[in-house]
Asks: 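Below is a structure I'd like to ask you about.
What you see below is based on every heavy atom in this structure, not just the backbone, and it leaves out hydrogens, waters and symmetry mates. Proteins come first, then strands; the chains are lettered A, B, ... in the order of their sequence lines, and each starts at number 1.
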Number of protein chains: 2
Amino acid sequence: MDAAFDLPLLEPDGLERVDAARNRERILSAATRLFDERGAGCVSMDEVAEAAGVGKGTLFRRFGSRAALAAAVLSERERGFQEAFIRGEPPLGPGAPARARLIAFGEALLDTLEAHTELLLAAESGPERYSHPAHVVHRLHVTLLLREADPRCDAELLADTLLAALGADLFIHLRGLQGMSLQRLKEGWGELVGRTVPAIEPRSVDHAPTEPSAGAARTAAELAAAEPAEI
Amino acid sequence: MDAAFDLPLLEPDGLERVDAARNRERILSAATRLFDERGAGCVSMDEVAEAAGVGKGTLFRRFGSRAALAAAVLSERERGFQEAFIRGEPPLGPGAPARARLIAFGEALLDTLEAHTELLLAAESGPERYSHPAHVVHRLHVTLLLREADPRCDAELLADTLLAALGADLFIHLRGLQGMSLQRLKEGWGELVGRTVPAIEPRSVDHAPTEPSAGAARTAAELAAAEPAEI
DNA sequence: CTACTAAGCGGACCTCAGTCCGATTGGGTG
DNA sequence: CACCCAATCGGACTGAGGTCCGCTTAGTAG
């Protein structure tokens, strides 16, 4: 009763009216199709609404903004990626040393950027970007890996800083406008992480700053808890 | 005659009709005043045009877009900053070791971000951001410093990567939304550069990759050439 | 001084993201 | 089965960014 206070946009499943759910599906699939066909950015919200067979009000009720819709479409496709770095095989998934996982993570993220450049242009690209569920998951992942590799560093800050090097805007600039190869970007990432993060996690360092526990299993566990992440 | 082929937006001074120059001034000062008074983002382009006493068409002819106008206003204020890192006193200006200059540069940039957060919200924030004259100057500066400190690294790529850590979006997120202190951000930058860039520039390294010359004077010289930078 | 031309001007106009509110309907209650 | 309330719907409406094109004017040639 009084406990149902979740934001509708973040937790769409569960207590959703059937017509609402149906419309959400319609919108998402219509948007996906249109974006694919004509490229995002050449598709207006009116068109999406029409193609989905819903009113404009409904469209905005569910997704809030054009950028958020693009992000939602993007997120659907990123599902597999999240699975891979949370529960997949090493070196991306748990099991490998933190630094190797970090490098693999960046390379995989660069691959998904390469694959979805088109959509990225339409998606969120302001400070809001950092509040997006997908980014939040990435940040948490990187933060935990950093803390594991080097308990003394300012992991939260460093995580966002490193992730900035994998940002969509920067990618589009370097890859598209500057014409750098994907290979080169990956090497650059490897180099950056290599210099920034110690190779071997210190065995029994005196103390981790605030958080008491730290270990290889931690990352997966903590992420698994916060994870279903409707992105 | 046939040689006057420069883009009017990038090279506004010199062969500019007097009425054009007058209007550009009017627009810039009106925009500056309005942005200061009410905060950018609460000022529409129509209002700027009206306050400047010019038509909307003129406004857009000269500045292309709202974001570009904000960027132009920002740039005027950044003049002093450019002077400082190109020709100022060490450690920001020439004379100090590359790594120290890099750290000083980042800290100074963070200061200007702190001072102009308001405007940043309205300014360019997409891939175009990287084509902005101010960013181009920053990138060149950082690239040259990196090349000086470590001739073997991929300086161009690393420069953009490091600069991403000083991006406006990220700053707003970390400082405003996450509430990190300016001090903490500066320390994070110092830490990042400290880990990424070698402390002492290698004395007589076997070979610099492509560019033959390298030295402390170089940075200032090359920038001075490309510099008047109407930002 | 007059005529000419091309750059510059400006405001009507268009598109589109995002809002509002009255009509509608799902789904639980007596 | 009838009723009711709240969540949802949807399209008319608004406001702002950006474009277009006929008019004006600076600068030049004769």
Side-chain angles (χ1 to χ4, degrees), chain A residues 1-2 4-9 11-27 30-31 34 38 40-72 121-126 128, chain B residues 1-9 11-27 30-31 34-35 38 40-72 121-126 128:
Chain A
M1 307 289 185
D2 53 344
F5 233 103
D6 46 346
L7 308 190
L9 290 180
E11 192 76 2
D13 36 18
L15 14 73
E16 193 180 29
R17 244 168 67 170
V18 294
D19 52 346
R22 180 170 38 87
N23 281 340
R24 193 163 52 80
E25 271 319 305
R26 279 187 188 171
I27 291 171
L34 284 177
R38 317 221 301 264
C42 294
V43 180
S44 74
M45 292 300 265
D46 298 73
E47 288 173 311
V48 173
E50 162 136 15
V54 304
K56 214 177 172 185
T58 303
L59 178 51
F60 277 90
R61 159 184 307 282
R62 304 310 303 245
F63 292 95
S65 76
R66 171 190 183 71
L69 175 61
L121 283 166
E124 214 102 62
S125 90
E128 318 81 37
Chain B
M1 307 280 186
D2 54 344
F5 233 104
D6 46 346
L7 307 191
L9 291 180
E11 193 77 2
D13 35 17
L15 15 72
E16 194 180 28
R17 244 167 68 167
V18 295
D19 53 346
R22 181 170 38 85
N23 281 339
R24 193 164 52 79
E25 270 321 306
R26 279 188 188 173
I27 291 172
L34 285 177
F35 285 168
R38 316 222 301 265
C42 294
V43 180
S44 74
M45 293 300 267
D46 298 73
E47 288 172 312
V48 173
E50 162 135 16
V54 304
K56 213 175 172 186
T58 303
L59 178 51
F60 277 91
R61 157 184 308 282
R62 303 310 304 244
F63 292 94
S65 76
R66 170 189 183 70
L69 176 59
L121 282 167
E124 213 103 63
S125 91
E128 317 82 39

Asks: What's the spacing between B:Asp19 CG and B:Arg24 CZ if we round to 0.5 Å?
Replies: 12.0 Å
Asks: How long is the line joining CG of A:Asp19 and P of D:dA6, in whole Å?
Replies: 17 Å
Asks: Listing time: all N or O pairs from protein to nucleotides 5-7 of chain C that are below 3.5 Å?
Replies:
residue, atom, partner, partner atom, Å
C:dA7, N3, B:Arg17, NH1, 2.9

Asks: Would you mind telling me which residue lines up with the more 5' stretch of DNA chain D, B:Arg22 or A:Ala20, judged by nearest nucleotide?
Replies: A:Ala20
Asks: Check the distance between C:dG11's C1' and B:Asp46's CG and give it to me in whole angstrom.
Replies: 10 Å
Asks: Any side-chain N or O of B:Asn23 under 4.0 Å from OP1/OP2 of C:dG8?
Replies: no
Asks: Looking at residues 49-59 of chain B, who's got a heavy atom less than 4.0 Å off DNA chain C?
Replies: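 Within this stretch, B:Val54, B:Gly55, B:Lys56, B:Gly57, B:Thr58 sit under 4.0 Å of the strand.
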Asks: Taking atom C1' of D:dG15 as reference, at what distance in whole Å does atom CZ of B:Arg66 sit?
Replies: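 Nearest whole value for this atom pair: 13 Å.
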Asks: By side chain to side chain donor-acceptor pair (under 3.5 Å), which residues pair with A:Ser65, not counting sequence neighbours?
Replies: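 By the side chain to side chain donor-acceptor pair (under 3.5 Å) rule, A:Ser65 matches no residue at all.
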Asks: Identify, between B:Met45 and B:Val18, the residue whose nearest nucleotide on DNA chain D lies closer to the 5' end.
Replies: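 Of the two residues, B:Met45 wins.
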Asks: Taking atom C1' of C:dG8 as reference, at what distance in whole Å does atom CZ of B:Arg26 sit?
Replies: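 To the nearest whole Å, that distance equals 14 Å.
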Asks: Once you round it to whole Å, what is the distance between C1' of D:dG10 and CZ of A:Arg24?
Replies: 19 Å
Asks: To the nearest angstrom, how far is B:Glu47 atom CD from D:dG17 atom P?
Replies: 9 Å
Asks: Rounded to whole angstrom units, what separation is found between the CZ atom of A:Arg61 and the P atom of C:dG22?
Replies: 15 Å
Asks: Closest heavy-atom contact between B:Val48 and B:Ala30?
Replies: O-CB, 4.4 Å
Asks: Grab the CZ-P distance between A:Phe60 and D:dC13 for me, whole Å please.
Replies: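 Whole-Å distance recorded here is 18 Å.
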Asks: Tell me which pairs pass side chain to side chain donor-acceptor pair (under 3.5 Å) where either residue lies in residues 49-60 of chain B, with sequence neighbours left out.
Replies: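 Only B:Asp46-B:Lys56 qualify under side chain to side chain donor-acceptor pair (under 3.5 Å).
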Asks: Looking at residues at least two apart in the chain, or sitting in another chain, which of them share a side chain to side chain donor-acceptor pair (under 3.5 Å) with B:Glu25?
Replies: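 With neighbours one apart ignored, the set is empty.
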Asks: Quick one: CG on B:Leu69 to CD1 on B:Ile27, what's the gap to the nearest 0.5 Å?
Replies: 8.0 Å
Asks: Compare every heavy atom of A:Arg66 with every heavy atom of A:Met45, then report the nearest pair and how far apart it is.
Replies: CE-CA, 3.6 Å
Asks: Taking only residues two or more places apart in sequence, or in another chain, which ones meet A:Arg22 in a side chain to side chain donor-acceptor pair (under 3.5 Å)?
Replies: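 Once residues adjacent in sequence are excluded, A:Arg22 has no partner under the side chain to side chain donor-acceptor pair (under 3.5 Å) criterion.
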Asks: Mind listing the closest non-hydrogen atom pair of B:Glu47 and B:Leu34 along with its distance?
Replies: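 Shortest heavy-atom contact: O-CD1, 4.0 Å.
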